[in-house]
Participant: 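So that we are looking at the same thing, I have put the structure below in structure tokens.
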Amino acid sequence: MMMLGSPLPRAFFARPPDEVARELLGKLVIRRHSGEPLAGRIVEAEAYFGADDPAAHAFAGRTARTEVLFGPPGHAYVYLVYGMHYCLNVSCEPEGQAGCVLIRALEPVAGLAVMAAQRGLAGGSVMADGSVMGAAVPVRLLASGPGRLCQALGITRPAHNGLDVCDAGSELVFAEDGLPLPDIEVGPRIGIRKAVDRPARFWVRGNSFVSC
DNA sequence: AAGCGGATCGTCT
DNA sequence: GACGATCCGCTTG
């Protein structure tokens, strides 16, 4: 029986990315830093394969950017999209073989106020007399989307690319949450132009934090 | 409620 | 020199 919050073992990631993506649903992403830990439960993830997947970054071969994808499993692959958003992935397959899972949405579990602040959604409107009208923080939008969750957790390529997410001492850890596997749905991946028909997106059925 | 376009830059052609 | 594994605000209906 795995302990609650304990890091997932490296063997968990040393498998094909579609298996890993499916089983990552319900697991925790924990961002440790000097303050309180930030955490979210994975509710949506996509598998990206290697040489046989034109939609994957690894498809073009081994480059400086994609080095992590070909390295040992269980390491963070963080890249910049559209010049402004970071995306978090975790490397899969044994060392030497490319593959990863893109984390697309988290259900916030801990550190919601910090997440809101980092998202620029501190909530509440400052009135003319200096008082603050209550406007509830839109929790659903905190970490629902690959760019949003990186902003909420403060994940960047310079700081986090290549980190070992199986190491309890790491700034970024993927961990067990002690919950049974949720009811899962499968469909095509989002936002890609190649291999659009491949069913490689997994999400928790009915969960309101799924990005779409 | 849905659709459009602007922002912004590392990476590879 | 072009192009994204995106998000947000503004437009229209």
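Keep in mind that what you see is a predicted model, and the values were worked out from it rather than measured. Chain letters run A, B, ... following the sequence lines, proteins first and then strands; every chain starts at 1.
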Participant: With a non-hydrogen cut-off below 4.0 angstrom, is A:Ala55 in contact with a base, only sugar-phosphate, or nothing?
Facilitator: base
Participant: If you measure from the Lys or Arg side-chain nitrogens to the Asp or Glu carboxylate oxygens, is any gap between A:Asp53 and A:Arg189 under 4.0 Å?
Facilitator: yes
Participant: Please confirm whether A:Arg15 makes a cation-pi placement over A:Phe12, using NZ or CZ under 6.0 Å from the six-membered ring centre and within 45° of the ring normal.
Facilitator: yes
Participant: By nearest heavy atom, map A:Leu141 and A:Ile192 onto DNA chain C; which one lands nearer the 5' end?
Facilitator: A:Ile192
Participant: Will you find, in the side chains of A:Glu44 and A:Ser211, an N or O donor that is under 3.5 Å from an N or O acceptor?
Facilitator: yes
Participant: Quick one: is A:Thr63 getting a side-chain N or O under 4.0 Å of the B:dC12 phosphate, OP1 or OP2?
Facilitator: yes
Participant: So which of residues 198-212 of chain A are in contact with DNA chain B, with a heavy-atom cut-off of under 4.0 Å?
Facilitator: none
Participant: Does A:Glu185 pair with A:Arg205 as a salt bridge, N-O distance under 4.0 Å?
Facilitator: yes
Participant: A:Met84 has an atom CE; how far is it from atom C1' of B:dG5, in whole Å?
Facilitator: 12 Å
Participant: More 5' along DNA chain B: A:Tyr82 or A:Thr66, using each one's nearest nucleotide?
Facilitator: A:Tyr82
Participant: Show your working on side-chain hydrogen bond (donor to acceptor under 3.5 Å, both in side chains) between A:His160 and A:Tyr86 and close with a plain yes or no.
Facilitator: CA-CA 11 Å; A:His160 305 290; A:Tyr86 288 105; over 6 Å; no
Participant: Would A:Arg201 pass as a cation-pi partner of A:Trp203, given that its NZ or CZ must be under 6.0 Å from the six-membered ring centre and within 45 degrees of the axis?
Facilitator: yes
Participant: Regarding A:Arg189, tell me which of base, sugar-phosphate or nothing describes its non-hydrogen contacts under 4.0 Å with the strands shown.
Facilitator: nothing
Participant: Check whether NZ of the Lys or CZ of the Arg A:Arg41 lies under 6.0 Å from the centre of the six-membered ring of A:Phe209 and within 45 degrees of that ring's axis.
Facilitator: no
Participant: Please find the earliest and latest nucleotides of DNA chain C, in the 5' to 3' direction, that have an atom within less than 4.0 Å of any heavy atom of chain A.
Facilitator: C:dG4 to C:dC8
Participant: Checking all strands, does A:Gly83 fall into the base, sugar-phosphate, or nothing category for heavy-atom contacts under 4.0 angstrom?
Facilitator: base
Participant: Given that both pair distances must be under 3.5 Å and the pair must be Watson-Crick or G-U, what runs of three or more consecutive pairs involve DNA chain B?
Facilitator: B:1-7 with C:6-12, B:9-12 with C:1-4
Participant: Take A:Val68 and A:Asn161 through the side-chain contact (heavy atoms from CB on, under 4.5 Å) test and state the conclusion after the steps.
Facilitator: CA-CA 8 Å; A:Val68 174; A:Asn161 188 56; 3.7 Å; yes
